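Just so it is clear, the structure is predicted and the values come from calculations on it, not from any experiment.
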Amino acid sequence: MSGKNASEIWDLIEAKREVFYALSDRIWDMPELNFEEHRSCAEHVAVLEQQGFRITRNVAGISTAVMGEAGEDGPVIAILGEYDALPGLSQAAGVAEQKPLIAGGNGHGCGHNLLGSGSLMAATAVKDYLEAHGIKGRVRYYGCPAEEGGSAKGFMVRAGVFDDVDIAISWHPAPFAGVNNPISLACNEINFHFSGRASHAAASPHLGRSALDAVELMNVGVNYMREHMPSTARIHYAVTDTGGIAPNVVQAKATVRYLIRARDLPEMQGLLHRVKKIAEGAALMTETSVRSEIVSGDANLVGNTPLEQLMHQNLERLGPPVFDEQDKAFAAEIQKTLTAEDIKSSFARFGLKPRMGVPLGDVIFPPESGDGTLVGSTDVGTVSWVVPTVQMRGATYAVGTPGHSWQLVAQGKAPAAHKGMEHAAKVMAGTAIDLLLDLALIDAAKADFRERLDGTPFVNPIPDDVDPPVMAQETTSQA
Ligand SMILES: [Zn+2]
C-alpha cells in the first residue's frame, strides 16, 4: 500500500471514532457471559445496520452470533470480533483500586468490549474505502460470542460460515502492539461421568460400586501418564461432582472435568484418546461405567508468514500508538497495584527488555518474539485451520496488567484503551485494503497456509453431536 492509501484509510477510521468508542463503552457497561451476550450482540447489530452492512443473524444457529457484509464480488476478508465478559470481575472504571460495581458481577476482564468494537471499526473503514473507490471485494464483520471457554468459533467453523472467506484478520487487547507470535495450544474440555451403585458404606460396602473411586483412580492414571507425554502438553482437571457429601454412602455417581492442551490438534487428539482409555480402565477396575462428553475445544493457532509480514509492515508504517501524559499517569497508578515481577514478565513475554517507569506500550514488539512462554488457547485457532488467519495485539492497558484481572476491567473505558483500539483498527483495515488491492498477497497467504498444514486433516475439536448452549436452550424452550 502506498502512504497515500494508508493515510486515507486511517482518516476513515478517525472520522467515525466516536461511534466505536461509544460502542465499546456500552459493551463494557453490559458485561455478559458466554453465549448470553444478547444485548451486546444487539448493540453490534445496531451499528452494523447504521453503517449499512448486509446482516446475517443467528450465525451457525447461535443467537448471539452475527455477520455483517459489505462490498461486491472479489475476495472476502473477514474481521473477527468478540464481546463476551467474565464472571466475578465487576469493577468500576477509571480507578486504581479494586471496587466492584456489583458484588460477584461480571466484568470485561479480557478487553472484549474493545475487541468487538475495534474489529467492527476496521470493517467499517474497509467498507467505506471500497465504496469510495469502487473496488471489487467484500469485507465481513463476524461477531463471535463465547470466546471465554465457549469455543463459539469452533461451532461457526463446523457450520461452514468461513468456507467462502479468503483471509481472516483479528486482534486482541494487550500491553503492547505487534503481530502475534502464533503460539496457542489446542485444547478440549471434556466431562467424564462415572456411574456406580450406592450402598451403606458400613453395613453393606460389598454391594456398593463407587463412582468417586473411579474418578480418583482415573486421576491417578492420568498423573502417571504425565511422564510419558510431550512436555509442552498440559492436562488439568476439576472434580465437579463428588457424588454427595456423606462419607457413609457409597457414591453412585461422580464427574470429573478434564482440560487437555497440546501444541497442535493431532497431538491433543492423541492425548484425548489416551485419557479416554484411562477413564475406561478406571471404570473397569471399579465395576462402574463411564460416559464422556466434550464441552468445548479449540485448535492451535496456525501462523501465516506473508500475512504476519504484511500486518507488521502496516504497524511500522503507522508507528506505535501515541498516549498523552494523562493516559500515562493513570496507567502508572495501575502499575502501583502490580508487582515488579508482573511488569518485568510483561516485557519479556513480548521479547522486550524490561524497563521500569514505562506505564504504556510505547514500542511495537518484534514479530516472532517472546520468551516462549506457553499461552492459553483461543478459538481463533480453529478458524486458522480453515482460513489463512492473522492476529495482532493492540496496546490498550498498562504494562504488567494481568489478564482477567480487576485492573484490566478498570482500564477498559480509559482514553488509552480507545486509542489502542483505534490504533489496532487502523492496522487491521490497512492490512485488509493491502490484500484487496494486491491479490497476489492473498495467493501467497494461501500458499503458506497449504504448506504449513501439508495435508494434515482438520478434525474439528468440537464433535458433530455437541450443540452450542444457546441453541440447546432454544430447543428446550420450544419442546
Ligand atoms: Zn480474550
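The pair K426-E8 fails the salt-bridge criterion, with no side-chain N (NZ, NE, NH1 or NH2) lying under 4.0 Å from an Asp/Glu carboxylate O. The residues E189 and R257 are annotated as salt-bridged, a charged nitrogen and a carboxylate oxygen being separated by less than 4.0 angstrom. A salt bridge links K127 with E131: at least one charged nitrogen is closer than 4.0 Å to a carboxylate oxygen. Note on R355 versus D362: salt bridge recorded, some NZ/NE/NH1/NH2 to OD/OE distance being below 4.0 Å. Salt bridge absent: K328 and D324 never bring a charged side-chain N and a carboxylate O closer than 4.0 Å. Between K336 and E333 there is a salt bridge, since a side-chain N of the basic residue sits under 4.0 Å from a carboxylate O of the acidic one. Residues K419 and D327 are paired through a salt bridge, judged by an N-O separation under 4.0 Å between the basic side chain and the carboxylate.
Distance check: Y129 OH to I433 CD1 gives 6.0 Å after rounding to the nearest 0.5 Å. Summarising the geometry, atom SG belonging to C144 is positioned 5.0 Å from atom CG belonging to L80; distances are rounded to the nearest 0.5 Å. Atom-to-atom distance recorded for M67:CE and F162:CZ is 9.5 Å, nearest 0.5 angstrom. Taking CE from M121 and NZ from K16, the interatomic distance works out to 10.5 Å, rounded to the nearest 0.5 Å. Here CG of N106 is found 4.0 Å from CG of L33. Values are rounded to the nearest 0.5 Å. Interatomic distance, E82 CD to C110 SG, rounded to the nearest 0.5 Å: 7.5 Å.
T124 and Q51 share no donor-acceptor pair across their side chains, judged by distance under 3.5 Å alone. For H172 and E147, the side-chain atoms include no donor-acceptor pair closer than 3.5 Å. Using modelled atom types, one finds a donor on one side chain and an acceptor on the other under 3.5 Å when comparing N300 with W385. Under 3.5 Å, the side chains of T337 and Q407 contain a donor-acceptor pair of N or O atoms. In this structure, a donor-acceptor pair under 3.5 Å is absent between the side chains of E148 and N34. Looking at D434 and N314, their side chains do bring a donor and an acceptor atom within 3.5 Å of each other. Using modelled atom types, one finds a donor on one side chain and an acceptor on the other under 3.5 Å when comparing T305 with R452. Side-chain N/O atoms of T339 and D342 include a donor and acceptor closer than 3.5 Å. Side-chain contact of E43 with Y83: a donor-acceptor pair under 3.5 Å is absent, judged by distance alone. With hydrogens and angles left out, the side-chain atoms of N113 and S24 include a donor and acceptor closer than 3.5 Å.
In this structure, the side chain to side chain contact (heavy atoms under 4.5 Å, CB included) partners of V409, at least two apart in sequence or on a different chain, are W28, L89, Q91. Listed by chain and residue number, H312 satisfy the side chain to side chain contact (heavy atoms under 4.5 Å, CB included) test with P367 (two or more places apart in sequence, or in another chain).
When every heavy atom of P402 is checked against every heavy atom of L338, the shortest pair comes out as CD-CD2, 3.7 Å. Across every non-hydrogen atom of E36 and T64, the tightest pair is C-CG2, 4.2 Å. Residues G111 and P173 approach most closely at O-CG, 3.3 Å, considering heavy atoms. Counting all heavy atoms, side chain and backbone alike, E37 lies closest to A146 at OE2-N, 2.6 Å. In plain terms, the two heavy atoms of S346 and G400 that are nearest each other are OG-N, 3.2 Å. Nearest approach of A174 to F350, heavy atoms of both residues: CB-CZ, 4.3 Å.
Looking at heavy atoms from C-beta onward, L307 lies in side-chain contact with L435 at the 4.5 angstrom threshold. Taking the side chain as every heavy atom from C-beta outward, W171 and L114 approach each other to under 4.5 Å. By the 4.5 Å heavy-atom criterion applied to side chains, D164 and R140 are counted as neighbours. Within the 4.5 Å cutoff, side-chain heavy atoms of R263 are placed close to those of I183. Counting only heavy atoms from C-beta outward, the side chains of P145 and D84 never approach each other to under 4.5 Å. Using a 4.5 Å heavy-atom threshold, the side chains of L265 and P461 count as touching. Residues N304 and V390 fail the side-chain proximity criterion, which asks for heavy atoms closer than 4.5 Å. Taking the side chain as every heavy atom from C-beta outward, R138 and I77 never approach each other to under 4.5 Å.
Classified by interplanar angle (parallel below 30°, tilted 30° to 60°, perpendicular above 60°), the ring pair H44/Y141 is parallel.
Aromatic ring centroids of F20 and H418 lie 6.0 Å or more apart. For Y237 and Y258, the distance between ring centers is under 6.0 angstrom.
In this structure, the side chain of S119 does not engage the main chain of G116 through any donor-acceptor pair within 3.5 Å. Side-chain N or O atoms of H404 include none that pairs as donor or acceptor with a backbone N or O of L86 at under 3.5 Å. At distances below 3.5 Å, at least one donor-acceptor pair connects side-chain atoms of S405 with backbone N or O atoms of L408. S184 places a side-chain N or O within 3.5 Å of a backbone atom of L301 that can act as its donor or acceptor partner. When atom types are taken as modelled, the side chain of T396 and the backbone of G420 share no donor-acceptor pair closer than 3.5 angstrom. For N188 (side chain) and S296 (main-chain N/O), a donor-acceptor pair under 3.5 Å exists by modelled atom type.
Heavy atoms of other residues, nucleotides or ligands lying less than 6.0 angstrom from CD of E49 number more than 12. Counting heavy atoms of neighbouring residues, nucleotides and ligands inside a 6.0 Å radius, atom CZ of R26 exceeds 12 of them.
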### Task
Verify side-chain contact (heavy atoms from CB on, under 4.5 Å) between T389 and V302, making sure each step is shown before the conclusion.
CA-CA 8 Å; T389 300; V302 178; over 6 Å; no

### Task
Please assess I190 against V295 for the test side-chain contact (heavy atoms from CB on, under 4.5 Å), listing each intermediate value before the final yes or no.
CA-CA 5 Å; I190 176 168; V295 181; 5.8 Å; no

### Task
Could you check D298 against T378 for side-chain contact (heavy atoms from CB on, under 4.5 Å), going step by step and ending with a plain yes or no?
CA-CA 6 Å; D298 301 326; T378 167; 5.5 Å; no

### Message
Pair Q391, S170 - check side chain to side chain donor-acceptor pair (under 3.5 Å), show working.
### Response
CA-CA 5 Å; Q391 249 188 322; S170 193; 4.6 Å; no

### Task
Evaluate the criterion side chain to side chain donor-acceptor pair (under 3.5 Å) for residue pair E69 and T56; output intermediate values, then yes/no.
CA-CA 8 Å; E69 187 189 67; T56 306; over 6 Å; no

### Task
Check the pair M428 / M392 against side-chain contact (heavy atoms from CB on, under 4.5 Å), numbers first and verdict last.
CA-CA 8 Å; M428 289 191 286; M392 68 172 284; 4.2 Å; yes

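Among residues at least two apart or in separate chains, salt bridge (charged side-chain N to carboxylate O under 4.0 Å, His left out) pairs with a member in residues 392-414 are D29-K413.
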